Amino acid sequence: MEAKLKQELIETFGERLTKAAKMYLDNCSRCGLCIEACHAYASSPETRYTAVGRAQNIRRLYEEYFKKGKIAKKLNEAVELDDHWMEKVYETAYTCTGCRRCMTYCPFGIDTGVIQGIAKMLLITADQEPKTLTMLADMSIAKAKTIEKTKENFAAAAKNLEAEVLQRWRSEGGEEVVPLDVQDANVLYVALAGKHSIIPAAAIMNAAKEKWSLSYFEAVNFGAFVGNPAKTKEIAGRIIEEAKRLNIKEVVICECGTAYRVMKHMSGEKPFKVITFAELIARYVEQGRIKLDKSKLPAKVTYHDPCQIARQGGIYEQPRYVLGQLTDNFVEMTPNRQANWCCGGGGGLVAMGEKDFRMKSAKVKADQVKATGAEVLCTACENCHTQLSDLNEHYGLGVKVEYLSDLTAKALVQD
Amino acid sequence: MSDYAADKVLDLKGLPCPMPVVKMSQEIGSVDVGQIIEVHTTDPGSLSDFPAWAETSGNEVLGSEQGEFIKIFIKRNN
Ligand code: SF4
Ligand code: SF4
């Protein structure tokens, strides 16, 4: 490794050494309580796939460059940064989904996500990050500029969805079925690119007689996946500006866990509230604004808590409340809620491909789903949905993987 | 009839996020510079995604058509 790059990397590391990061790097007692907590270790088990193992790759650099005392360094296994060690840094960053299950078992609350953030930033500085994630983040940033030229086509495509939305919920006429640019709307709904992320949500919001507007932008934030805070901010900023321009009361993020976490918890003060779509459905049911027909879902159903919405967002009960209105045949997977196993597809792994690793590292998830005996596996995150669908195929789980929004839209009762 | 004669057709209908753009970026190298890929998709968002991707990758969206599904015509420029 060239001396200049090495110096840059040490500086990058130093810039990421917040108070919290130092505390996490200083305080691990090697008690090992996090070891079994990681799905990748529990599925393999290989020590490099433990939270403490991954953190050590970064901690040992910290010992070398940011701690004093030769003996202490030796005792703490300080290492020099070189090309070989960058491979370890890559492992820390991209064999971890950022699910933070380990953190809930650690007596010091050590946040692997923060340590992973250092690893990702080192890779970006060395130009060794996964280029697919950077390409996707850059596309989202470019869209802030190209959107004016493409708005018309997007609006036409949204209009073309009308027939499919109306199949789920017949509107009374007069109102837009998939509205855009609605000034003073209660809800700015931020979807993903696919129509499956728009149609059920539109039917549900129309059924609830919501004053809503569809965002021109996609919810997902690849700046966060690649671990670049400046890009993360820029991507979220497009949606924040749109919401401000329309004087929106509430930004509702579609079924995308990372998008929700970034907008809700990583984007500072905003003049609107942020909720996830599962919360909005629960509100509509609770307020009697939509009614659901249980006969539409006769199968045995279980629910996968997406890490970014549940463990990191505290949204546990709202999806269960909705499912309680959709079926009398619901079964919990074990463990669930805060202790639920990650699907194994987070942190950018789905976008990067990585199918062998995703399947190998999520065997515990597959076993957990199988043990429920459920026929329908419901979730509320598109990334989880993709990974769970891959697991379903790979391990022959025989379930139907469904979105909460889609199950809800199919069960809407129209008087 | 389309306005553009495609050298390759890429069926990306119904794929989850972000696979249409990922697949496109992988496939662009499979045609020669100057050749055209015709993408078939069902994603409304792709009508904004592909032009933004073309902007960053130096390629060119020639146009699009909307019918039963969406067609986007992309020329490899580099
Ligand atoms: S955040 Fe999740 S994937 Fe990463 S080490 Fe902890 S348990 Fe494992
Ligand atoms: S549980 Fe916490 S203190 Fe114990 S080894 Fe893991 S990270 Fe270190």
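Just so we're on the same page: letters track the sequence lines, and every chain starts at 1. All of these numbers come straight from a predicted model, not from anything done at the bench.
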For atom [atom1] of [X], decide whether the heavy atoms of other residues, nucleotides or ligands shown that lie under 6.0 angstrom number more than 12.
X: A:Lys159; atom1: NZ; value: no
X: A:Lys131; atom1: NZ; value: yes
X: B:Lys23; atom1: NZ; value: no
X: A:Lys233; atom1: NZ; value: no
X: B:Asn78; atom1: CG; value: yes
X: A:Lys149; atom1: NZ; value: no

In terms of heavy-atom pairs under 4.5 Å with chain B, which of [options] leads?
options: A:Thr146, A:Asp138, A:Val350; answer: A:Thr146
options: A:Tyr216, A:Phe222, A:Phe154; answer: A:Phe154
options: A:Cys256, A:Gly353, A:Ala158, A:Ala156; answer: A:Ala156

With a 4.5 Å heavy-atom cut-off, do B:Pro18 and A:Val220 have their side chains touching?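 Contact flag for B:Pro18/A:Val220 side chains = no.
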
Would a 4.5 Å heavy-atom cut-off, applied to side chains only, mark B:Gln26 and A:Thr132 as touching?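 Sidechains of A:Thr132 and B:Gln26: no contact.
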
Could you list which of residues 47-56 of chain B have a heavy atom closer than 4.5 Å to any heavy atom of chain A, in residue-number order?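 B:Leu47, B:Ser48, B:Asp49, B:Pro51, B:Ala52, B:Trp53, B:Glu55, B:Thr56, listed by number.
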
Pull out the residues in residues 66-75 of chain B that come under 4.5 Å of chain A, heavy atom to heavy atom, sorted by number.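 Expected list: B:Gln66, B:Ile70.
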
Quick one: closest heavy-atom pair of A:Ala193 and B:Asp43, and the distance?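 Smallest interatomic distance, heavy atoms only, reads O-CB, 3.3 Å.
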
Which heavy atom of A:Ile198 sits nearest a heavy atom of B:Pro44, and at what distance?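 Reported closest heavy-atom pair: CD1-CG, 4.0 Å.
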
Which atoms of B:Thr42 are under 4.5 Å from chain A, going by heavy atoms: the side chain, the backbone, both sets, or neither?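 For B:Thr42, the contact with chain A is made by backbone and side chain together.
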
Please answer whether the main-chain N or O of B:Cys17 pairs with a side-chain N or O of A:Glu382 as donor and acceptor at a distance below 3.5 Å.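 Looks like yes, one N/O pair under 3.5 Å.
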
